[in-house]
Structure formats: structure tokens, C-alpha cells
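By convention in this document, chain letters (A, B, ...) are assigned in the order of the sequence lines, proteins followed by strands, and residues within each chain are numbered from 1.
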Amino acid sequence: MEGLTLSDAEQKYYADLFSYCDIDSTKKVAANGRVLELFRAAQLPHDVVLQIMELCGATRLGYFGRSQFYIALKLVAVAQSGFPLRVESINTVKDLPLPRFVASKNEQESRHAASYSSDSENQGSYSGVIPPPPGRGQVKKGSISHDTVQPRTSADQQEPASPVVSPQQSPPTSPHTWRKHGRHPSGGNNERPLAGPGPFWSPFGEAQSVPSAGDAVWSGHSPPPPQENWVSFADTPPTSALLTMHPASVQDQTTVRTVASATTANEIRRQSSSYDDPWKITDEQRQYYVNQFKTIQPDLNGFIPGSAAKEFFTKSKLPILELSHIWELSDFDKDGALTLDEFCAAFHLVVARKNGYDLPEKLPESLMPKLIDLEDSAVLSLERPDPLQLCARDSKRFSESIPNHNCCEGSGVQFGPKFRISLFLIAGVGDQPGEVGYSGSPAEAPPSKSPSMPSLNQTWPELNQSSEVSKLLFSFININFVKQWETFSERSSSSQTLTQFDSNIAPADPDTAIVHPVPIRMTPSKIHMQEMELKRAGSDHTNPTSPLLVKTSDLTEENKINSSVKFASGNTVADGYSSSDSFTSDPEQIGNNVTRQRSHSGTSPDNTAPPPPPPRPQPSHSRSSSLDMNRTFPVTTGQQQAGVVAHPPAVPPRPQPSQAPGPVVHRPVDADGLMTHTSTSPQQIPEQPNFADFSQFEVFAASNVNEEQDDETEKHPEVLTVEKASDSAGSLRVAKTESKIEEKTAAGAPANVSKGTTPLAPPPKPVRRRLKSEDELRPEVDEHTQKTGVLAAVLASQPSIPRSVGKDKKAIQASIRRNKETNTVLARLNSELQQQLKVIWMFLRREFPWKFNWNNFDHSLTYKPIAVNCEHTHF
Amino acid sequence: MAVCVAVIAKENYPLYIRSVPTENELKFHYMVHTSLDVVDEKISAMGKALVDQRELYLGLLYPTEDYKVTFPNQLCSYGYVTNSRVKFVMVVDSSNTALRDNEIRSMFRKLHNSYTDVMCNPFYNPGDRIQSRWAAALLGLPPSLCSSALLKGTVLR
């Protein structure tokens with residue numbers, strides 16, 4: 001995705017303009033308020049203005065976030081300089097002057113013009129029949145103002161200085177989606193088979209823009225064939241999308257430009273294939289679907305029986321086979337009836353199919369019940385660094401959807417672990433509730449406005465605790481079981497997930513249907529945590545041994561882009577979309593900590609990137625996860641083309657085992673570095689007595705591990721590590737065998753797990769029984785965090801191991817003994833955790849098979865020749 | 001491990017039949033067809049018993065020993081009949097593992113559930129052949145994996 005490079009002058013100027021336009025301080029500027037006037041004051045043709053608004057993404061969003069606004073301004077400058085209006089040109093064109101805005105001579109005229117253009121904008125946005133949608137429309141309405149354009153002459157403008165590296169905020173992709181065009185007015189309703197007013201779907205010519213996006217998502221897609229529309233569009237020429245949109249105002253020249261920019265936008269969409277889910281139901285569409293639902297079933301909480309739905313959908317004249325496929329997709333709970341959400345999904349799919357799109361193989365996430373309207377808010381919540389704002393926004397959003405719960409619980413329900421993981425990450429970075437690991441952007445939302453504030457804050461200490469625990473756990477596993485990287489990270493991140501389950505989900509909300517969203521969100525987030533860890537490993541790769549080096553590099557990096565960090569954070573507050581993109585363009589620039597959050601959020605499941613396959617439950621499948629990594633990586637790295645800051649080298653899927661402890665060593669330093677450098681947030685570093693001990697311990701372990709690099713290819717490197725450590729010290733046969741046994745049981749066939757259970761391990765129950773519900777899982781998880789906490793305490797109480805071990809034999813033996821004990825405990829813990837992980841994943845895969853993208857699944861791993869596979873499948 | 005799954009209508013025509021090694025389909029069809037006789041036998045025998053307490057699972061129908069080079073495995077077919085007399089026949093390769101009855105039973109139960117889901121689709125006319133796209137839903141899997149993981153899905157639980 002393109003990034004936006006702004007010079008200082010531009011940045012300042014744009015910020016001024018934004019604050020001018022953002023009269024409500026909502027960080028969202030309605031597209032037809034002052035912005036339009038401002039853009040008219042740029043003295044550009046009306047269609048160019050509209051084009052700009054489209055390119056920057058505001059038309060799609062319905063408002064200008066900060067990034068959209070900046071991009072729009074940049075585009076205005078581009079247009080005023082006479083360059084072709086494209087998204088790339090905002091960065092390729094150097095030394096661009098600031099956009100010029102001249103005061104309109106006649107206030108009345110401008111008022112009229114503004115109203116005219118907003119009228120036309122409205123026409124472009126929705127058909128006249130459909131009332132403005134509730135969600136975004138509110139924002140729009142709230143900030144509509146027809147004030148006169150404040151004079152902004154170019155007198156106070158400065159020549160732009162040489163471009164400074166600033167956070168790449170990528171422009172949101174140009175909104176050439178079929179949803180947008182779905183809002184078109186259309187003349188021909190005569191063939192519309194449905195009763196009541198309807199939205200008007202895109203002419204098929206515009207459908208051409210979508211498959212590129214769709215291809216990124218559903219690989220099976222073929223370009224939609226030219227096809228008659230359900231709603232007749234006989235009079236719309238299929239050649240140019242924009243022609244249909246503004247038939248009167250399009251000139252030849254701009255048409256060419258528009259087409260070019262449209263293709264550009266498509267390319268960008270293909271590259272990013274991010275948040276802009278073509279299956280997402282817009283508010284207008286949803287409104288219409290709801291109306292249609294009401295015609296069949298007046299009670300919005302009711303069901304549409306299958307017979308009625310059949311009657312209704314056969315009016316679409318789609319073949320029965322396709323309709324049945326749509327039904328299968330949309331009847332989420334397979335009860336033969338459609339709820340409102342299911343109906344919306346079905347209708348949406350029908351309409352999409354009518355417009356020539358291939359049906360997806362599985363229900364797109366954005367169409368899943370309960371998630372339909374919350375996708376973008378989920379993204380926003382991830383991006384927003386500020387808990388207060390986050391809460392305020394959430395409470396606003398969730399007050400619509402979940403009226404009975406306070407918003408934190410609501411968000412917990414709806415966002416699931418994804419949301420919480422982000423919080424968790426933030427907590428892990430900052431180790432402190434109020435800090436959030438970001439500089440800049442003080443809380444702007446009034447806390448009283450959000451009822452969830454107390455509860456959210458309440459969860460933070462827990463988060464910290466759990467992060468603490470998981471850190472320790474992380475390091476322990478790291479020290480003792482220096483496994484291959486993939487499995488290692490998988491396990492460690494899973495342990496984080498487990499703790500999360502413990503501290504948050506369980507108390508979140510007893511009586512809502514948590515069950516669906518929770519595992520749904522877990523899948524991608526887990527993978528992204530892996531990915532994130534990989535990234536960290538990548539940065540560690542450059543300076544693997546020296547934490548100090550890491551720190552200083554972080555430091556300089558942070559200093560270098562100090563101002564831009566602020567800018568970026570302000571931006572993310574303004575608009576989650578932009579930062580999800582800015583992540584992809586330069587994940588490294590704000591240092592590792594922020595990168596972690598962004599890497600997590602940027603490839604959130606709302607992206608159209610294929611959801612990564614679930615990690616193997618069997619630990620022997622280390623190859624699979626490395627493949628998974630390979631798959632997830634091109635997605636992100638492909639988007640990082642415009643990174644200004646040097647990008648870390650792609651991490652090899654199997655780093656040396658010595659790198660494995662890298663992140664652990666790195667982590668405390670990371671936190672410290674962030675704390676010292678986030679100047680605006682209050683700092684109290686919580687006391688972490690265990691932690692210091694650990695880092696020493698880790699260093700020691702790491703040195704041990706470094707000797708072990710050549711053993712990487714061995715099947716059980718962790719055992720070998722233990723062995724070597726013990727051998728070098730003298731005598732530790734017992735520990736070695738013990739841990740070996742433990743490890744083998746842990747890593748062996750699942751059937752063996754029950755045999756290998758230790759006193760600590762959960763009782764060997766058949767997997768099925770344990771999988772019945774999450775509630776059954778929770779106590780165990782709970783137990784585990786406690787165990788790990790205990791363990792941490794035990795280990796921390798040990799004196800740190802001196803580095804000069806060769807001198808004193810007794811000391812060596814003592815430390816060996818301690819290590820041995822630790823090893824045993826950790827081996828047990830490891831096997832336990834592995835088993836739990838496996839159980840959870842099996843549960844998830846069994847219960848939520850639709851969440852796992854089977855298309856991208858590694859078939860070589862899941863499906864083996866039958867004869868071979870027989871033993872493995874039954875356990 | 002199931003290698004072939006068939007859903008047979010009340011009138012003994014196939015609603016859905018799918019085998020994993022596609023090159024040997026005919027053999028499986030033959031086997032399923034042969035098993036139907038056994039199914040009918042068992043049903044008629046069971047019909048004298050209490051109708052409402054009837055066990056849907058029919059058990060082992062038709063063990064075969066096949067020493068052909070192409071598929072040198074022992075195949076067994078198991079049967080299941082719904083209350084509406086729709087029959088499920090599953091051919092299982094039992095050369096490597098002796099599947100326990102319970103496992104087969106649970107596979108059938110899952111198959112039955114999937115079948116019920118398919119029947120819940122208002123766009124499906126009972127008695128029609130279950131289309132291949134649907135077939136995935138029959139086993140709770142997306143169509144793309146229909147050929148490979150379809151039957152594995154039944155085994156995996």
C-alpha cells in the first residue's frame with residue numbers, strides 16, 4: 001500500500017486544515033460539510049473533487065478520517081499542479097506545493113454550490129428512496145455544516161521542505177468497490193422482483209473492478225461473466241464506471257484519468273487486499289435488507305422460514321442450485337430458517353451473484369451473523385492506541401448492537417480475543433495500565449461517556465499479570481526446550497492465548513453467546529502473534545546477542561521519527577483503516593513494540609488476506625508451521641513495497657535455535673525502552689522482581705544454547721540442549737532421560753499424551769469429552785496460569801546462576817540440580833500446555849470448521865494417503 | 001478409514017455417492033449396490049421389532065477381501081438407515097486398523113446430521129440427487145476439499 005510522505009510544512013498545514021474541518025472533534029469529517037467547501041475552494045472541477053474524494057477513500061467510508069483527509073489534500077495539490085490524479089502520484093511527485101485554497105467570492109454562491117454538490121454526493125451515495133444509513137449517516141449528519149469557506153489563501157503557505165520521513169499512512173484504497181456502486185441511483189426498477197424500494201446494484205461494467213480484489217480473497221474466483229442484472233441497468237453503459245456515476249459532468253479527459261485511477265486503485269487493492277472486504281454489507285444495503293426482512297417477518301428477532309425464504313429468493317431468478325448454495329452459506333446454524341443476519345447475508349450473496357460475482361466457497365467473515373456490522377469497529381479497536389477513545393467509540397457502536405451490556409463486555413463478546421490480544425500486547429509492551437505503549441494522543445473522549453472505562457481498566461492489571469506470566473513462561477520454555485522456532489513460537493503464543501482466556505473471556509460475560517466470536521477471533525490473532533514473534537526474531541536476527549544494541553537501535557529509531565510517531569498515533573485514533581495500512585508499509589519505524597501491535601492488527605481477519613490455517617495440534621508437524629509462515633509472509637511483505645525505513649530481512653522459517661531466546665532477552669529491554677521514550681504518558685514501572693532474575697537466567701541459557709546451534713536439525717533439540725548442558729557440567733543423566741521422556745510424550749502421538757501425564761498434567765480424558773464446551777476448558781486454563789505463576793515464583797526465588805560456573809564444582813552441581821528440577825517441571829508444563837493447545841485446536845477445528853480456510857490448507861499435512869493415515873487419524 | 005460414502009434414497013437410488021480413490025469408483029459403487037441387499041434384509045428383519053426403538057445403525061454389512069493390486073485392502077461396508085428409510089452406506093478400509101463399532105457409529109451420526117442439514121435447505125427437493133456442492137455440507141466441509149478430506153472428515157470426528 002502506498003504510504004503518504006508529508007513534509008513538515010505539509011503536515012502542519014494539513015493538520016490545521018483538518019482541525020478546521022473537524023468541527024465536532026470527532027476525528028471524522030463528513031464528506032459533505034466543510035471539506036467539500038474546502039475542496040471547492042481549491043478551484044478544481046467538481047468531478048475532480050469527487051474523484052479525489054473517491055481516491056482517498058472518503059466516499060466509501062462516508063467520512064474523512066485524518067488519513068483520508070491528508071490524502072485528499074495531497075491529491076488536491078497533485079491536481080492543482082497538473083499532474084494526473086492518481087494515488088501513486090502523491091508520493092512520486094516530488095516537491096509538490098501545498099494545496100491552494102482560495103476563498104469563494106460569493107458566499108451565497110458557495111453555499112449554493114456546496115449544497116448542490118452535496119446533493120450530488122448524496123445521489124452518488126444512495127438512491128433517493130433509501131434513507132441515509134444509521135451508522136455512518138449519523139456522523140455525516142452530525143457534522144454537516146454549510147458554513148462559508150474560511151479564507152485560506154496561499155499567502156501563509158510555505159514552500160515544502162525536503163520530505164521528512166514520516167509515518168507512512170497509506171491512503172485507503174480507492175473505493176472502487178461494488179458496494180459503493182451499489183448505492184447508485186438507477187432508473188430501471190421495472191424488473192425488480194422485490195416488493196418495496198430497493199438499492200440499486202452496480203452495472204456489470206463496474207463489476208470488473210472487483211474481481212481483482214476478490215481474487216485475493218477467494219482464489220477460486222473467476223472474473224464475473226457479463227450478466228444481466230437483477231435490477232435492470234439496461235441504460236448504463238458498461239464501459240466506464242464513472243460515466244454512470246456522473247454522466248453529466250464527466251469530461252473526456254477526466255474519464256481517461258478516472259479509468260486510470262480506477263485501475264490504479266485496483267492494483268492497490270490487490271496489493272493490500274486489506275480491510276476492504278467486498279462482501280461487507282454497507283449500511284444502506286443493510287437497511288434495505290432489513291426492510292425486506294420486515295416485509296416477510298415483521299419481527300426483527302424472528303425467523304424467516306425456509307419456505308418463505310425460498311419463495312422470496314427464487315424471485316431473483318437465480319438457478320436453484322446456486323440458491324441452495326447461498327442458503328447453505330447463509331443459513332449459519334443450519335436450522336432451516338433465516339434470522340435477520342442470515343437473511344442479510346443470503347440477500348447479499350444473492351445480489352452479489354446477480355451482479356456476476358462468484359459465490360464464495362465459504363461464508364465470508366463479513367457476512368457472518370453477529371459480525372456483520374462490527375467488522376470495522378473491530379479493526380478500529382485494534383488500531384486505536386488510546387483506551388479511553390477506544391472505549392468511547394466502542395460504547396457508541398455497541399450501544400447499537402448490544403444494548404444490554406456495557407461496552408467492554410460487549411466488545412469482549414464481539415471482538416473476542418483479537419481485541420483483547422491487542423490490549424494484551426499493549427499491556428505486554430507497556431506493562432502498565434495507563435500507558436498503552438504509545439506516545440502522543442492523550443485521551444480525548446470524556447471518560448464519563450463510556451461506561452466501560454472502569455471495567456476496562458479493571459481488566460488491565462489482569463492483562464499485565466497474564467502477560468507477566470506468559471513472559472516468564474515464554475522464557476522458561478525457551479530456555480529449556482529450545483525447539484525449532486515455529487513450534488516454539490506457536491506454543492508460546494498459545495500460552496498467551498490461554499492466559500487470556502483465563503483472565504478475560506471467562507469473566508467477560510456469562511449470558512451472551514460468547515461461544516461464536518471467541519474462537520473465531522482467536523485463529524488469526526494467534527497466527528499473527530506468531531508472525532509478530534517472527535518479526536521480532538527478524539529484528540533480533542540483526543543483533544541477536546546484545547540487548548543493549550537492540551535498545552539503542554530502537555532508541556535511535558524512535559528519536560528519528562519522534563514527530564512522526566505522534567502523527568501516526570493521532571492518525572490511528574482518527575481512523576483505524578489508515579494505520580492498518582501504515583503498518584504494512586513500514587512496520588519497523590516506531591520500533592518493535594509498536595510493530596508488534598501493528599503487525600497484529602494490520603493483518604487482522606478482516607483483511608481479505610486468506611486466513612492462515614490453524615496450527616497443528618501435533619507438535620511433530622513443525623514443517624507445517626514453517627510453511628504457514630511462508631504463506632503468511634508474502635502477504636505482508638508484499639504490501640511493504642513503499643517502506644521508507646529499511647525493512648528487516650525476512651526471517652527464515654527456521655532460525656537458529658540460538659535466536660529463539662532472542663525475543664525473550666529482548667522483551668524486557670523493549671519494555672524499558674518504550675517506557676523511557678514514551679514521554680507523554682505517565683510512567684510507573686511496576687516492580688518485577690522475577691523479571692530481572694530471569695533475564696540473567698536467560699542470558700545464561702542463551703549462552704548454553706549458542707553452543708548448541710549445530711544440533712538444530714536434530715529431532716528433539718530441546719532434549720539435546722538439556723543433555724549438553726548437563727554433560728558440560730558433569731553428571732545429569734537423570735534429568736536428561738527424564739526430560740527426554742517428558743518431551744517424547746509431549747511431542748509424540750496424541751495417544752501417548754495420556755500415558756505421559758505427570759502429576760501436574762490434567763487427567764487423561766478422552767478428547768471428545770473434554771471438548772464439550774469452553775467452560776470445561778476454562779478451569780484447566782485457569783489452573784494453568786496459576787501453575788505457571790507458581791512456577792515463575794519458584795524459579796524466580798532461585799538465585800541467579802553465575803556465569804563462571806567452571807570454578808566451583810559444588811555450585812555447579814547445585815545449579816545443575818536446580819536446573820534439573822526446573823527442567824522437569826517445565827517439561828511437564830510443556831507437555832501439559834501442548835496437550836491443551838491441541839485440545840483447544842481440535843475443539844476449534846471441529847466446532848468451527850468454517851473458520852479455517854480449507855482452501856489454503858496444507859493438504860500434504862492434513863490429507864495423507866489413506867493407507868498410511870489410518871493409525872494417525874484414530875487416537 | 002472411510003473410502004466411500006453413499007446416501008441412498010428410500011427407493012434405492014443413490015442420492016449421493018462419493019469415493020475417495022476416484023479411479024476405482026465403479027468398484028465402490030458395486031460394493032454399495034451389493035450392500036443394499038443386506039440393508040434391505042436387515043431392515044425387513046428389524047421391521048418386526050419395535051419400530052420406534054429401532055436402531056438406526058445397521059452394523060457391518062458386507063466384508064470383502066480384495067487382493068487386487070490396485071487396492072489390496074480389506075474393505076467393509078457399514079450401513080445406517082434413517083427413519084425415513086434413507087440409507088447410508090459407508091465403505092471402510094479396514095486393512096490397517098480395525099475400526100471399532102463406536103467409531104463407525106459416530107461417523108454415521110455425523111453423516112446423518114449433515115444429511116439433516118441438507119434437508120433443511122428449502123431449495124432442496126427431497127429425492128433429488130444431492131449436488132456435489134451440497135455434498136460438502138453433507139460432511140460439514142467446504143466443497144473444495146470434498147474429494148480428499150470429505151471422508152477423512154468423517155473419521156476425524
Side-chain angles (χ1 to χ4, degrees), chain A residues 218-220 304-314 318-331 333-338 359-363 766-768 771 842 845-847 849-850 852-857 859 862-875, chain B residues 1-4 19-21 71-75 92-100 102-104 106-107 110 113-125 128-157:
Chain A
W218 298 283
S219 51
I304 290 181
S307 53
K310 182 181 182 183
E311 194 186 338
F312 180 78
F313 283 121
T314 40
L318 282 177
I320 291 294
L321 194 61
E322 287 177 0
L323 283 177
S324 72
H325 180 56
I326 288 171
W327 179 274
E328 305 234 317
L329 291 176
S330 54
D331 188 11
D333 47 4
K334 295 187 178 138
D335 57 353
L338 294 180
L359 292 172
E361 296 273 297
K362 64 186 183 68
L363 189 62
V767 172
R768 281 202 76 121
L771 285 179
M842 282 189 56
R845 282 169 70 178
R846 201 171 57 94
E847 297 294 312
W850 58 88
F852 302 112
N853 195 340
W854 295 87
N855 295 324
N856 291 328
F857 219 74
H859 291 251
T862 51
Y863 175 64
K864 291 171 187 162
I866 305 146
V868 182
N869 207 21
C870 286
E871 311 91 358
H872 302 301
T873 47
H874 305 287
F875 46 83
Chain B
M1 183 76 196
V3 287
C4 179
S19 55
V20 164
F71 205 80
N73 295 321
Q74 188 190 11
L75 298 176
V92 169
D93 168 24
S94 58
S95 58
N96 287 353
T97 48
L99 288 177
R100 277 172 298 152
N102 272 343
E103 289 171 336
I104 305 281
S106 71
M107 284 158 72
K110 184 174 177 185
N113 285 339
S114 304
Y115 176 76
T116 315
D117 290 343
V118 170
M119 290 305 123
C120 280
N121 189 331
F123 295 100
Y124 173 76
N125 292 321
D128 285 359
R129 229 194 128 94
I130 298 174
Q131 300 290 333
S132 62
R133 271 208 126 134
W134 295 33
L138 198 65
L139 293 167
L141 285 175
S144 57
L145 274 198
C146 218
S147 55
S148 61
L150 168 123
L151 299 172
K152 186 171 179 286
T154 59
V155 180
L156 258 184
R157 290 162 299 183

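Taking each heavy atom of B/Pro122 and A/Ser307 in turn, the nearest pair found is CB-N, 4.4 Å. In plain terms, the two heavy atoms of A/Trp327 and B/Cys120 that are nearest each other are NE1-O, 3.9 Å.
Here the side chains of A/Glu328 and B/Asp117 are not in contact, with every heavy-atom distance at 4.5 Å or above.
Comparing A/Leu323, A/Ile326, A/Thr314 by how many heavy-atom pairs each has under 4.5 Å with chain B, the most go to A/Leu323.
Between A/Phe313 and B/Phe123, the ring planes are tilted. Angles from 30° to 60° get that label.
To the nearest 0.5 angstrom, B/Thr116 atom OG1 is 13.0 Å from A/Asp335 atom CG.
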